[in-house]
Amino acid sequence: MSTSEELLSKYQGEIVPRSFRPEFVVPSYIVSWVGAALTLELLNWRTSRNGLFNHLILVSAAVAMGGVSIWCMHFVGNRSMVLNNDEPELRIEYSFSYRALSFFLPIVVLLAAFLAIGANYNVSWKRICCGGILSGVAICGMHYLGNAAISNYNLEYDRVYVAGASLIAIFDSVFSMSLFFMVKASWKNTWWKRVMSACVLAGAVSGMHWAAAIGTSYRLLHLNEGTQLSQMRAILVAVSLAVIAAIFMIGSSTYATWATKRIANKSQQVVLATAVFDNSGRILVNPDGLLPSEKITDTYVERIPGDTFTIAHPIFHWMFQASRNWNSVSGMIDSMTKHLARLPKGGHESKARLIDDGGKPIERYDAIFRESFCLAAANLADKLKEHLIDVGILWDDILATGVDGLPQKTSPNIVRALEEGTYEGVGREFESRLGRQPEYGRGSMMFLVRRLEHSHEADRLESAGFRFADVDQVCGIIGTRMHIKARDLKGKLAHMATFAKQNIMVEPGVHLGFFGVKARVGGFGFDVIVKKGARHLLPSMPISLRRLESWQMDIIHQFDRMSVPLLLQSLDSLRLLSPREMLFASQLSDALQALRAWIDNPIFDDAVLTSKVVQIPCRDGKAGTMIALCLMIPIHISVDSPRCEFIPLNFFKVHQMVYKNSSHLEAFTRYVHRELSPIVNAASISTPQATYRYARRAFRWNRIGSLRHLGRTDTNDYAVVEDNDTMPTKFGRKSSSNDSNHSNQEPVERQIAYEPFDKATAPPLSPLGGIMVSQEIQIDIRQVDDASAGSISTKTADRVTLVKAGIGIDFMEMMGLPGAEEDANSGKPLGLAVAEREKVNQVITFVDELFAFCVDGL
């Protein structure tokens, strides 16, 4: 080993021989790759130029690239360089000021580079080239500025190597940025593609460093003063930063794995997602291309066979109405949160358990299920940095999630039986398979849809960490990763975009419509044929009339219950009469033929005209007139039309009550207040005994026969609810065994009036405020005895009609409601049992009138 004086005399002012240790080359590349990978991962999460979240992402990406990928790699790579025989006196010594400057300067340049590239998904080659060039400049600038921090050597550079290193840095930077942002714009930015881009970007840093290092000569100025702290400190700082970056990468990977598992778990649950569309029809997604979503509950519990959670279910109808008027529940969100927090918890997410240890639903399961829906919507609003009232409206369908594979094919025997109308030969196979609902996933997903009217709304959502993408680019990601089982997810997303506009309404005037209903196969109730893509509209054709005159109504009465072929013949005969009758007959005939061609199915010819015209909701809150052709379609007839589809009849009725500016929405707000406020404001989970005492006292008062009225002539009537409810304005009488003795009597109308609450026994006031006054309730319960029902079974014989309802949604499909079958087996009248359990209100609409006409025609 040479002494310090010998080394100084030998190499001072001379070029010191250098070589490289290969064991430091690979670690330096790994350090650079970690920084590059973290940079691209962060850039992948950047969604906009605005917003604190995006600013933090931008700065973090610049630090990861400039501070880890470039700066750390430089000093780890320099440690591989051996000067002479690696004598300590000849090792490199760094100046602190230049070393600090070399750390911050590339970060500033890279900030400019990432700002130049932008955050949108539209690939701009000018921006990418500009950003790539700036990135290459940052790499080169840091390298030579870091070399300037060497205080004991004078460095000399070969111009050829300088040029080559610069080209390597710029070319690889542009290439890696192009690769990354192209796959990001196409929504094919999977993890392995980001790994490849990081490899190329790290190659730009490492390639430039080693090319420049080979072309660098070291001329000794003075010896290292016998300390190795300078170089060791730089290496320790570099390794520490690389370790921190690696920890962030591991954390990001762990979070991604956890998020994937969480999404998979959600696919087995009842989930609420949001689909927000901008003016261009693009859909809002997170940086991974997924829709924001929130869990409602683990699963919907079927209380009886067939009680599946579908769009025909009353709870879905309640949710559908609530989403049209979030003001009805927004004031109770805090109370709902506190109420659910008091429920028993289960699972690692500390969610309320809706099933007890015996596997049965907890008390007030339906109300708590609704509360969970409202809280899921409120959580989605928080994610989007929106108010609850702006989170969107509920889409009119539920998608199945969670199970791979398409449903099994229906047995040919069953298909043949349905087509021929002969069920005797099917036997047990028909009983077991015909009644299955077409739900093929273990979970369910509902969607809140919204259409943004202004560009600043989209900018605000992008600032919050979301992004808008074309539907065709992300529908595959959404379907695969969210485990949505839909044959045409792209079409369904397009339908959501149309549905969110809420502008598909018929124009005011006179219309000729087709009201075709069909008994539901494998379930209870009816389906109605509607326009595909506009499920709130019946197939119809406009007639060039503003309204119907009395003489036109007289003509329509002449055609009562005429089939379509006979009606066309009769209209032809009218053309021989007066000119105005000829004109009306021609208009009606043209509309009839146009509707027949539009439906394009022979079953339309079996429809009959009803002389009772009905009023339908139209655009701008106005009403229109519909002349209806009605048909009860036989169950064995298959109706295939490219423009039509079937939906549950009770849900179609809901559609008619939630159009914009509907008068029923205000009544629904009062109904929600009456239903949920006493529950969510209860002091404990158990039912307040004071409410029970008052309910029994009020009920005994009415049982005596003293029917008191509130002095109002214009009253709204509400449905009786279940007997264990705590709502102060709703009390239902449980059916006794003596009720069965009245099954042959005339329908009985019971009028029940309630007095205002006493302050001492009243439940807490609702956060909605105001005074809630009970109003008169009228219930018309019609029961049909088995003996008089003929071939109609007990399960479908009973009907409940709620008279003069203020709001409502259902046709009381008897056995589809929870507990109806149990009451049938226990001897309770089914009509009363359903009235007690139905938590909705009933109002007469044109749907009721047309359905009554179809039933009367049987």
Side-chain angles (χ1 to χ4, degrees), residues 47-48 50-54 271-286 290-296 316 318-337 370-397 445-469 471 478 493 495-505 536 620-621 654-655 657-662 664-666 668-669 672-673 676 767-769:
T47 58
S48 172
N50 304 317
L52 178 61
F53 170 81
N54 289 290
V271 175
L272 181 65
T274 180
V276 182
F277 300 89
D278 65 4
N279 285 326
S280 302
R282 299 180 303 168
I283 190 170
L284 181 79
V285 292
N286 65 19
L290 305 179
L291 300 177
S293 62
E294 279 290 325
K295 167 188 168 183
I296 298 177
F316 182 79
W318 186 95
M319 297 173 178
F320 195 76
Q321 289 188 101
S323 70
R324 264 62 178 177
N325 188 13
W326 285 116
N327 286 322
S328 62
V329 297
S330 60
M332 292 187 285
I333 293 299
D334 291 339
S335 299
M336 290 179 181
T337 303
R370 293 165 183 167
E371 290 180 57
S372 300
F373 165 79
C374 294
L375 290 185
N379 291 335
L380 281 176
D382 290 340
K383 280 185 177 180
L384 301 178
K385 304 296 188 298
E386 297 280 5
H387 298 292
L388 177 61
I389 59 176
D390 297 324
V391 75
I393 59 176
L394 192 62
W395 185 48
D396 60 354
D397 204 355
M445 183 172 290
M446 296 177 285
F447 297 85
L448 293 173
V449 299
R450 180 188 175 196
R451 182 89 174 191
L452 301 180
E453 301 294 336
H454 307 287
S455 59
H456 67 83
E457 296 176 317
D459 294 338
R460 186 175 65 251
L461 289 172
E462 288 181 335
S463 300
F466 296 95
R467 178 174 295 282
F468 287 92
V471 171
I478 294 172
L493 292 174
H495 178 257
M496 292 181 198
T498 304
F499 185 83
K501 294 179 181 179
Q502 302 186 68
N503 61 353
I504 303 181
M505 297 287 291
H536 60 292
D620 300 328
V654 177
H655 265 299
M657 306 183 66
V658 296
Y659 56 88
K660 193 173 183 180
N661 300 324
S662 171
H664 302 299
L665 296 178
E666 182 179 353
F668 179 76
T669 301
V672 172
H673 176 96
L676 292 183
L768 294 176

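Since the structure is predicted, the reported quantities are computational estimates derived from the model, not experimental observations. The figures here come from the full heavy-atom set of this structure, side chains too, leaving out hydrogens, waters and symmetry mates.
- Heavy-atom minimum distance, F466 versus P292: CE2-CG, 3.6 Å.
- Of the possible donor and acceptor atoms, one in the side chain of N54 sits under 3.5 Å from a partner among the backbone N and O of S463.
- Between M446 and F316, the closest side-chain pair of non-hydrogen atoms falls below 4.5 Å.
- The side-chain contact (heavy atoms from CB on, under 4.5 Å) check on Y659 picks up M505, P617, S662, with sequence neighbours excluded.
- A donor-acceptor contact shorter than 3.5 Å is absent between the side chain of N325 and the backbone of H664.
- Side-chain contact check for L284 versus L384: some heavy-atom pair is nearer than 4.5 Å.
- Contacts of A376 classified as side-chain contact (heavy atoms from CB on, under 4.5 Å), with partners at least two apart in sequence or in another chain: L272, E294, I296.
- The line from CG of D390 to NZ of K385 is 15.0 Å long, rounded to the nearest 0.5 Å.
- The shortest distance between side-chain heavy atoms of D397 and F447 does not fall below 4.5 Å.
- Remark: T337 pairs with I333, L375 by the side-chain contact (heavy atoms from CB on, under 4.5 Å) rule, at least two apart or across chains.
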Apply side-chain contact (heavy atoms from CB on, under 4.5 Å) to residues N279 and L452 and explain how you reach the verdict.
CA-CA 6 Å; N279 285 326; L452 301 180; 5.6 Å; no
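- Summarising the geometry of V391 relative to A377, their closest heavy-atom pair is CG2-O, 3.9 Å, with the distance given to 0.1 Å.
- The shortest side-chain heavy-atom distance between F668 and V658 does not fall under the 4.5 Å cut-off.
- In this structure, OG1 on T274 lies 10.0 Å from CE on M496, to the nearest 0.5 angstrom.
- Here OG1 of T498 is found 5.5 Å from CD1 of I504. Values are rounded to the nearest 0.5 Å.
- With sequence neighbours excluded, the residues satisfying side-chain contact (heavy atoms from CB on, under 4.5 Å) with I389 are W326, N327, H387.
- Between M445 and L291 the shortest side-chain heavy-atom distance does not fall below 4.5 Å.
- The line from CG of N379 to OG of S293 is 11.0 Å long, rounded to the nearest 0.5 Å.
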Check the pair L394 / F373 against side-chain contact (heavy atoms from CB on, under 4.5 Å), numbers first and verdict last.
CA-CA 11 Å; L394 192 62; F373 165 79; 4.2 Å; yes
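- Shown here are the salt bridge (charged side-chain N to carboxylate O under 4.0 Å, His left out) partners of R451, two or more places apart in sequence or in another chain: there are none.
- Atom CD1 of residue I478 and atom CD1 of residue I283 lie 4.5 Å apart, to the nearest 0.5 angstrom.
- Smallest separation of non-hydrogen atoms from A469 and V285: CB-CG2, 4.3 Å.
- Between D396 and H495 there is a side-chain heavy-atom pair separated by less than 4.5 Å.
- Atom SG of C374 sits about 7.0 Å away from atom CE of M332, to the nearest 0.5 Å.
- Classification of the H655-H536 ring pair by plane angle, with boundaries at 30° and 60°, yields tilted.
- Remark: E386 engages R450, R460 in a salt bridge (charged side-chain N to carboxylate O under 4.0 Å, His left out) (not counting sequence neighbours).
- In terms of heavy-atom proximity, W318 sits nearest to L676 at CZ2-CD1, 3.6 Å.
- Taking the six-membered ring where tryptophan is involved, the planes of H454 and H456 are essentially parallel, since the angle between them stays under 30° and well short of 60°.
- Pairing each heavy atom of T669 with each of S328, the nearest pair is OG1-CB, 3.6 Å.
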Going through the checks in order, is the side-chain contact (heavy atoms from CB on, under 4.5 Å) test met by V329 and M336?
CA-CA 9 Å; V329 297; M336 290 179 181; 4.3 Å; yes
